[in-house]
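What follows is a short report on a single structure.
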Amino acid sequence: MTDEQVAVFLQARPYAGESVEHHILTRAYRGLRAHDFERFVQMFKAQGFDLNALDANGQTFLQTITEHAQAQDYAEVLKAAGAKA
């Protein structure tokens, strides 16, 4: 994917009451391969978004995906970028 295609995920906006950061990260996580997600995370941070923002349940996005069976590569990307579990 091109940088422009990856950056499109930064434009996602949630419905009322949902964390902007979690919504954007969820869309990118579901739509990108791990190596594209790594590029996305750098763009996400450069735009001033918080990798450690909490959702309505008080969890970071990294905490949310650690429960997913196929999330290991994505979790490693997030940890390398400074996300906390």
Exercise. Under the side chain to side chain contact (heavy atoms under 4.5 Å, CB included) criterion, do Leu78 and Ile65 qualify, and how do the steps go?
Worked result: CA-CA 10 Å; Leu78 290 166; Ile65 69 164; 3.6 Å; yes

Problem set entry | Euclidean distance, Ser19 OG relative to Asn57 CG, rounded to 0.5 Å | 11.5 Å

Exercise. Would you say Val20 and Leu25 are hydrophobically clustered, going by side-chain heavy atoms of ILVMFWY under 4.5 Å?
Worked result: yes

For this session: Spell out, as yes or no, whether a donor-acceptor pair under 3.5 Å connects the side chain of Asp73 to the backbone of Ala34.
Result: no

Exercise. If every non-hydrogen atom of Leu54 is compared with every non-hydrogen atom of His22, which pair is closest and at what distance?
Worked result: C-NE2, 3.6 Å

For this session: Would you check if Glu21 and Phe44 make a side-chain contact, meaning some heavy-atom pair closer than 4.5 Å?
Result: yes

Problem set entry | Nearest-0.5 Å distance, NE2 of residue His35 to CD of residue Glu38 | 9.5 Å

For this session: Could you tell me how the ring of Tyr15 sits relative to the ring of His23: parallel (under 30°), tilted (30 to 60°) or perpendicular (over 60°)?
Result: perpendicular

Exercise. Going by heavy atoms in the side chains, are Gln72 and Thr66 under 4.5 Å from each other?
Worked result: no

For this session: Mind checking the CG-CG spacing from Asp3 to Asp36? Nearest 0.5 Å is all I need.
Result: 9.5 Å

Problem set entry | Donor-acceptor pair between His68 and Tyr29 side chains, under 3.5 angstrom | yes

Problem set entry | For Ala85 against Thr60, the heavy-atom pair lying closest together | CA-OG1, 4.4 Å

Problem set entry | Gap separating the CD atom of Gln11 from the CZ atom of Phe9, nearest 0.5 angstrom | 10.5 Å

Problem set entry | side chain to side chain contact (heavy atoms under 4.5 Å, CB included) evaluation trace for Val6 with Met43 | CA-CA 9 Å; Val6 171; Met43 294 175 189; 4.0 Å; yes

For this session: Check Gln59 against Thr64 and note the closest heavy-atom contact, atom names and distance.
Result: OE1-OG1, 3.6 Å

Problem set entry | Met1 to Leu32 - nearest heavy-atom pair and separation | SD-CD2, 3.4 Å

Exercise. Given Lys45 and Leu51, is the side chain to side chain contact (heavy atoms under 4.5 Å, CB included) satisfied, shown in steps?
Worked result: CA-CA 7 Å; Lys45 288 177 57 177; Leu51 282 178; 3.6 Å; yes

Exercise. Hey, mind stepping through Phe49 and Val41 against side chain to side chain contact (heavy atoms under 4.5 Å, CB included) and telling me if it holds?
Worked result: CA-CA 9 Å; Phe49 291 111; Val41 166; over 6 Å; no

For this session: Mind listing the closest non-hydrogen atom pair of Leu10 and Gln47 along with its distance?
Result: CD1-CG, 3.9 Å

Seminar exercise, completed: Scanning both residues in full, the closest heavy-atom pair of Gly58 with Gln63 reads O-OE1, 4.0 Å

For this session: Look up atom CZ in Phe37 and atom CZ in Arg30, then write down how far apart they are to the nearest 0.5 Å.
Result: 12.0 Å

For this session: Might you confirm whether atom CZ of Arg39 has over 12 heavy atoms from other residues, nucleotides or ligands at distances under 6.0 Å?
Result: yes

